[in-house]
Each structure stands twice: as structure tokens, then as C-alpha cells.
Amino acid sequence: MTLAVGEALPDIALTTPEGATVRPADFVGRKLVLFFYPKDDTPGCTTENKDFSALAEAFAAADTALLGISKDPPQKHRKFIDKHALAAPLATDAEEGGLSDALGIWKEKAMYGRTYMGMERTTLLIGADGRIARIWPKVKVKGHAEDVLEAARQLG
């Protein structure tokens with residue numbers, strides 16, 4: 001699947017830090033922000049998670065759920081949440097065949113001449129109907145959470 005506004009989000013299960021299952025369909029009837037990030041406890045990812053967490057109440061007031069997603073294991077998410085007092089919920093994507101794979105966000109990357117698979121920092125705003133309303137590819141962290149909040153408010 002390629003990401004496109006208006007497309008229905010695949011209903012692929014993710015794992016919460018507590019070991020429960022969460023699916024995109026659990027949020028139908030409410031707006032949802034899915035922010036995909038590479039790795040817990042790295043500088044950019046920590047800033048992004050803290051920024052979304054700082055705005056968690058404003059997202060809730062805009063009837064918009066938040067869910068941060070990486071391929072880090074649930075136990076690592078729990079430590080990350082506790083260490084930084086994060087308010088934005090996190091979920092673990094499957095190692096293979098997960099939501100990020102289905103959306104084309106889990107990609108081959110290159111650094112210092114080495115190629116590897118990694119998460120492309122991407123945010124999706126999902127409408128209450130379960131369809132993609134807005135896509136932010138290759139996210140730059142500074143000011144991003146505020147931009148997403150404004151878009152969620154405008155989506156109505």
C-alpha cells in the first residue's frame with residue numbers, strides 16, 4: 001500500500017507497553033494521530049515524544065487520540081515512558097509485516113555507506129471515519145506536534 005489521503009488505514013494489530021493489543025479500528029469514531037518514529041531514547045525521538053506528550057490534553061480537547069509507534073519492544077517503551085514521564089501512548093509495531101511495513105514507512109535507509117531497515121519519521125492524521133486525512137512524511141521534529149494539533153482542530 002502506498003500512503004494516500006482518503007485511503008482507509010489497514011487494521012493491523014500493535015502491542016502496548018502493557019502487552020495488550022491495540023488496532024487502528026479501536027479509534028474509529030474519533031480522530032487519531034499516528035506518529036511513527038525510529039527509536040526510543042534517541043534525541044529526535046525523545047523530543048518528538050515529549051512534544052506530543054506536552055500537547056496531549058490539547059489533542060484530547062480536539063477529540064483526537066495520540067499513538068506513537070516504533071518497532072522497539074514493549075518493555076523498552078515502558079522504560080522510555082517512565083524515564084521521560086510521557087503522556088502520549090506508545091505501541092510496538094510487529095518486527096515483520098506490521099503496520100509500518102504495510103504503509104511503506106519501514107524502509108531501507110543508508111548511513112555512512114551502510115544500508116539498513118529503519119522507520120521513516122512519518123505522522124498520519126486519521127479522520128473519525130478511519131481514513132487518512134493528512135500525511136507528514138520525513139518529519140522535522142521542531143514545531144511538528146503543534147502543526148499536527150492545528151490540523152486536527154481544523155479537521156473538525
Side-chain angles (χ1 to χ4, degrees), residues 1-56 59 64-142 144-145 148 152:
M1 171 182 186
T2 49
L3 282 174
V5 170
E7 292 289 325
L9 197 62
D11 195 35
I12 296 174
L14 304 160
T15 306
T16 69
E18 297 73 34
T21 298
V22 63
R23 306 171 92 70
D26 297 342
F27 299 93
V28 172
R30 185 169 186 213
K31 293 174 284 185
L32 171 64
V33 170
L34 296 177
F35 62 99
F36 292 84
Y37 64 95
K39 199 163 187 60
D40 290 348
D41 248 341
T42 56
C45 297
T46 299
T47 298
E48 182 177 23
N49 274 278
K50 287 169 101 175
D51 289 354
F52 274 111
S53 289
L55 295 172
F59 276 101
T64 305
L66 291 170
L67 190 60
I69 302 169
S70 78
K71 292 207 183 240
D72 289 308
Q75 312 86 301
K76 191 169 182 198
H77 279 335
R78 172 58 32 222
K79 289 178 184 173
F80 185 47
I81 290 166
D82 292 345
K83 180 178 179 180
H84 298 286
L86 301 176
L90 301 181
T92 297
D93 197 13
E95 283 188 38
E96 289 184 28
L99 185 58
S100 61
D101 296 274
L103 296 172
I105 296 169
W106 184 251
K107 300 183 162 208
E108 187 174 280
K109 297 171 114 182
M111 184 183 294
Y112 305 118
R114 187 182 125 242
T115 60
Y116 61 97
M117 294 302 291
M119 192 77 74
E120 182 175 277
R121 192 182 310 275
T122 304
T123 300
L124 305 177
L125 175 58
I126 311 303
D129 61 358
R131 297 190 173 277
I132 299 170
R134 180 116 184 244
I135 304 164
W136 289 265
K138 299 180 183 176
V139 167
K140 301 293 182 223
V141 173
K142 187 174 169 77
H144 177 62
V148 176

Side chain to side chain donor-acceptor pair (under 3.5 Å) against Lys83, all qualifying residues, sequence neighbours excluded
Asp41
Heavy atoms of Ala133 and Gly127 approach each other most closely as CB-N, 4.2 Å
Under the rule for salt bridge (charged side-chain N to carboxylate O under 4.0 Å, His left out), what residues qualify as partners of Asp26, not counting sequence neighbours?
none
Answer yes or no: is there a side-chain heavy-atom contact under 4.5 Å between Val139 and Tyr37?
no
Rounded distance [0.5 Å steps], NE2 in His84 versus CG in Asn49:
8.5 Å
Taking the side chain as everything from C-beta on, heavy atoms only, tell me whether Leu32 gets closer than 4.5 Å to Thr64.
no
Under the salt bridge (charged side-chain N to carboxylate O under 4.0 Å, His left out) rule, collect the residues that match up with Glu18, sequence neighbours excluded.
Arg78
Could you give the side-chain donor-acceptor pairs of residues 111-121 under 3.5 Å, partners two or more places apart or in another chain?
from	atom 1	to	atom 2	distance (Å)
Arg121	NH1	Glu48	OE1	2.7

Trace of the side-chain contact (heavy atoms from CB on, under 4.5 Å) decision for Leu124 with Val33:
CA-CA 6 Å; Leu124 305 177; Val33 170; over 6 Å; no
Ile126 versus Pro24: any side-chain heavy-atom pair under 4.5 Å?
no
Heavy atoms only: give me the nearest Val28-Gly130 pair and the separation to one decimal.
CG2-CA, 4.4 Å
What pair of heavy atoms forms the shortest contact from Ser70 to Pro38, and how long is it?
CB-O, 4.1 Å
Interatomic distance, Glu7 atom CD to Ile135 atom CD1 [nearest 0.5 angstrom]:
9.0 Å
Are more than 12 heavy atoms, taken from residues, nucleotides or ligands other than Lys109, located less than 6.0 Å from that residue's NZ atom?
yes
Residue pair Ala152 / Lys31: nearest heavy atoms and the distance that separates them
O-NZ, 2.8 Å
Under 3.5 Å: donor-acceptor pair, side chain of Asp82, backbone of Lys79:
no
Pair up each side-chain donor or acceptor in residues 88-96 with any protein partner under 3.5 Å, not counting sequence neighbours, and list the distances.
from	atom 1	to	atom 2	distance (Å)
Thr92	OG1	Asp72	O	2.7
Thr92	OG1	His77	NE2	3.3
Asp93	OD1	Leu99	N	2.8
Asp93	OD2	Leu99	N	3.4
Asp93	OD2	Ser100	N	2.7
Asp93	OD2	Ser100	OG	2.5

For Ala128, which residues count as a side chain to side chain contact (heavy atoms under 4.5 Å, CB included) partner, sequence neighbours excluded?
none
Is there side-chain contact between Leu67 and Leu14, with heavy atoms separated by less than 4.5 Å?
yes
Just how far is it from atom OG1 of Thr21 to atom CD1 of Ile12, taken to the nearest 0.5 Å?
13.0 Å
Please answer whether the main-chain N or O of Phe80 pairs with a side-chain N or O of Asp40 as donor and acceptor at a distance below 3.5 Å.
no
For residues Leu103 and Leu9, determine if any side-chain heavy atom of one lies less than 4.5 Å from a side-chain heavy atom of the other.
yes
Does atom NZ (Lys50) have a neighbourhood of more than 12 heavy atoms from anything else shown, all under 6.0 Å?
no
Which residue pairs satisfy the ring-ring contact (aromatic ring centres under 6.0 Å, His included) criterion with at least one member in residues 120-142, sequence neighbours excluded?
Trp136-His144
Set of residues satisfying salt bridge (charged side-chain N to carboxylate O under 4.0 Å, His left out) with respect to Arg131, sequence neighbours excluded
none
Applying side-chain contact (heavy atoms from CB on, under 4.5 Å), run through Leu66 and Leu55 and close with a yes or a no.
CA-CA 10 Å; Leu66 291 170; Leu55 295 172; over 6 Å; no
Where at least one partner belongs to residues 16-36, residue pairs that pass ring-ring contact (aromatic ring centres under 6.0 Å, His included), sequence neighbours excluded
Phe35-Phe52
